[in-house]
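Notes for the one structure printed next.
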Amino acid sequence: QVQLVESGGGLVQAGGSLRLSCVASGSIVSINAMGWYRQAPGKQRELVAGIISGSSTDYADSVKGRFAISRDNAKNTVYLQMNSLKPEDTAVYYCNAHLLRSGDTSTRAYWGKGTLVTVSS
(Lines give C-alpha, C1' and ligand atoms only; values in the text may rest on other atoms or scores of the structure.)
Protein backbone atom coordinates (compact mmCIF):
# COMPACT_ATOMS: atom_id res chain seq x y z
CA GLN A 1 0.00 0.00 0.00
CA VAL A 2 1.29 3.42 -0.98
CA GLN A 3 -0.16 6.72 0.16
CA LEU A 4 0.54 10.31 -0.84
CA VAL A 5 -0.73 12.88 1.63
CA GLU A 6 -0.71 16.60 0.86
CA SER A 7 -0.83 19.44 3.36
CA GLY A 8 -0.40 23.20 3.45
CA GLY A 9 -3.32 24.43 1.40
CA GLY A 10 -5.58 27.21 2.55
CA LEU A 11 -6.87 30.70 1.93
CA VAL A 12 -4.40 33.47 1.15
CA GLN A 13 -4.63 36.98 -0.26
CA ALA A 14 -3.22 37.81 -3.64
CA GLY A 15 0.50 38.44 -3.39
CA GLY A 16 0.85 36.07 -0.47
CA SER A 17 2.68 32.77 -0.11
CA LEU A 18 1.93 29.19 0.77
CA ARG A 19 4.06 26.08 1.07
CA LEU A 20 2.61 22.73 0.13
CA SER A 21 4.04 19.43 1.32
CA CYS A 22 3.44 15.88 0.16
CA VAL A 23 4.68 12.79 1.94
CA ALA A 24 4.79 9.42 0.24
CA SER A 25 4.57 6.43 2.55
CA GLY A 26 4.19 2.69 2.38
CA SER A 27 6.15 -0.11 0.75
CA ILE A 28 8.24 2.14 -1.47
CA VAL A 29 11.42 0.86 -3.10
CA SER A 30 12.33 3.98 -5.00
CA ILE A 31 10.79 7.20 -6.31
CA ASN A 32 11.74 8.39 -9.77
CA ALA A 33 9.83 11.64 -10.02
CA MET A 34 7.46 13.71 -7.95
CA GLY A 35 5.33 16.63 -8.93
CA TRP A 36 2.40 18.88 -8.37
CA TYR A 37 -0.66 19.23 -10.54
CA ARG A 38 -3.67 21.46 -10.11
CA GLN A 39 -7.25 21.51 -11.22
CA ALA A 40 -9.36 24.63 -11.15
CA PRO A 41 -13.17 24.46 -11.35
CA GLY A 42 -14.28 23.65 -14.87
CA LYS A 43 -10.74 23.11 -16.10
CA GLN A 44 -8.54 20.12 -16.81
CA ARG A 45 -5.83 19.01 -14.42
CA GLU A 46 -2.50 20.56 -15.40
CA LEU A 47 1.12 20.08 -14.43
CA VAL A 48 2.41 22.83 -12.16
CA ALA A 49 5.92 21.60 -11.36
CA GLY A 50 7.91 18.41 -11.40
CA ILE A 51 11.21 17.17 -10.03
CA ILE A 52 13.10 13.98 -10.80
CA SER A 53 15.50 12.10 -8.59
CA GLY A 54 18.44 14.02 -9.93
CA SER A 55 16.86 17.31 -8.88
CA SER A 56 16.04 18.39 -12.42
CA THR A 57 12.93 20.54 -12.34
CA ASP A 58 10.23 21.66 -14.74
CA TYR A 59 7.55 24.31 -14.35
CA ALA A 60 4.43 25.45 -16.11
CA ASP A 61 5.03 28.80 -17.80
CA SER A 62 2.32 30.37 -15.66
CA VAL A 63 4.24 29.73 -12.42
CA LYS A 64 7.87 30.20 -13.48
CA GLY A 65 9.63 32.66 -11.23
CA ARG A 66 6.92 32.42 -8.58
CA PHE A 67 6.82 28.75 -7.55
CA ALA A 68 9.68 26.49 -6.51
CA ILE A 69 9.59 22.73 -6.18
CA SER A 70 12.01 20.85 -3.96
CA ARG A 71 12.41 17.36 -2.66
CA ASP A 72 13.74 15.58 0.42
CA ASN A 73 14.59 12.10 -0.81
CA ALA A 74 15.32 10.82 2.70
CA LYS A 75 11.78 11.74 3.77
CA ASN A 76 10.03 10.83 0.50
CA THR A 77 8.65 14.34 0.57
CA VAL A 78 8.12 16.97 -2.09
CA TYR A 79 7.43 20.63 -1.43
CA LEU A 80 5.96 23.45 -3.47
CA GLN A 81 6.80 26.96 -2.36
CA MET A 82 4.27 29.31 -3.90
CA ASN A 83 5.00 33.04 -3.84
CA SER A 84 3.26 36.05 -5.38
CA LEU A 85 0.05 34.08 -5.55
CA LYS A 86 -2.67 35.23 -7.92
CA PRO A 87 -6.41 34.54 -7.91
CA GLU A 88 -5.91 32.39 -11.01
CA ASP A 89 -3.75 30.04 -8.93
CA THR A 90 -6.89 28.99 -7.07
CA ALA A 91 -7.30 25.24 -7.52
CA VAL A 92 -7.05 21.87 -5.88
CA TYR A 93 -3.39 20.91 -5.89
CA TYR A 94 -2.54 17.24 -6.27
CA CYS A 95 0.71 15.48 -5.50
CA ASN A 96 1.96 12.89 -7.97
CA ALA A 97 4.77 10.37 -7.68
CA HIS A 98 6.19 7.84 -10.11
CA LEU A 99 7.55 5.14 -7.89
CA LEU A 100 8.39 1.49 -7.54
CA ARG A 101 6.40 -0.33 -4.90
CA SER A 102 7.75 -3.40 -3.16
CA GLY A 103 6.76 -6.49 -5.13
CA ASP A 104 6.19 -4.60 -8.37
CA THR A 105 8.46 -4.89 -11.41
CA SER A 106 7.85 -1.46 -12.85
CA THR A 107 7.04 2.02 -11.65
CA ARG A 108 3.57 3.48 -11.74
CA ALA A 109 1.96 6.78 -10.91
CA TYR A 110 0.30 7.47 -7.60
CA TRP A 111 -1.84 10.44 -6.63
CA GLY A 112 -2.75 12.22 -3.44
CA LYS A 113 -6.28 13.33 -2.67
CA GLY A 114 -5.47 16.99 -3.12
CA THR A 115 -5.34 20.14 -1.07
CA LEU A 116 -7.33 23.27 -1.84
CA VAL A 117 -5.57 26.56 -2.44
CA THR A 118 -7.77 29.64 -2.60
CA VAL A 119 -6.29 33.03 -3.49
CA SER A 120 -8.52 36.01 -2.84
CA SER A 121 -8.22 39.26 -4.75
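No experiment lies behind these values; they were computed from the predicted model shown.
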Is [Y] close to [X] at the side-chain level, that is, under 4.5 Å between some pair of heavy atoms?
X	Y	value
Met82	Tyr93	yes
Thr115	Ser7	no
Tyr79	Leu20	no
Tyr59	Val48	no
Arg71	Asn76	no
Cys22	Trp36	yes
Val12	Thr118	no
His98	Met34	no

Whether the Ser17 and Asn83 side chains hold a donor-acceptor pair (N or O, under 3.5 Å, no angle test) is what I'd like checked. yes
Are Asp61 and Lys64 within salt-bridge range, i.e. N to O under 4.0 Å? yes
When you check the gap from the basic side-chain N to the acidic O, do Lys113 and Glu6 get nearer than 4.0 Å? no
Begin with the C-alpha distance, continue with both residues' side-chain angles, and end with the deciding distance and a verdict on side chain to side chain contact (heavy atoms under 4.5 Å, CB included) for Leu47 and Asp58. CA-CA 9 Å; Leu47 174 67; Asp58 189 29; 4.3 Å; yes
Tell me whether the count of non-hydrogen atoms from other residues, nucleotides or ligands lying under 6.0 Å of CD in Glu46 goes above 12. yes
Should [X] and [Y] be counted in the same cluster of Ile, Leu, Val, Met, Phe, Trp and Tyr side chains packed under 4.5 Å apart?
X	Y	result
Leu4	Ile28	yes
Val23	Ile51	no
Ile52	Tyr94	no
Val92	Leu18	no

Check whether any side-chain N or O of Asp72 sits under 3.5 Å from a backbone N or O of Ala74 as a donor-acceptor pair, and report yes or no. yes
Straight-line distance of [X] [atom1] to [Y] [atom2], nearest 0.5 Å:
X	Y	atom1	atom2	value
Ser25	Lys75	OG	NZ	14.5 Å
Glu88	Lys43	CD	NZ	8.5 Å
Arg66	Ser84	CZ	OG	7.0 Å
Gln3	Ser27	CD	OG	11.0 Å

For the student: nearest non-hydrogen atoms of [X] and [Y], plus distance:
X	Y	result
Ile31	Ala97	CG2-CB, 4.4 Å
Arg38	Ser62	NH2-OG, 3.3 Å
Ala109	Asn96	CB-ND2, 3.9 Å
Ile69	Gly35	CD1-CA, 4.1 Å

May I ask you to check whether Tyr37 and Trp111 place their ring centres under 6.0 Å from each other? yes
Show your reasoning for whether side chain to side chain contact (heavy atoms under 4.5 Å, CB included) applies to Asn32 and Leu99. CA-CA 6 Å; Asn32 289 357; Leu99 59 86; over 6 Å; no
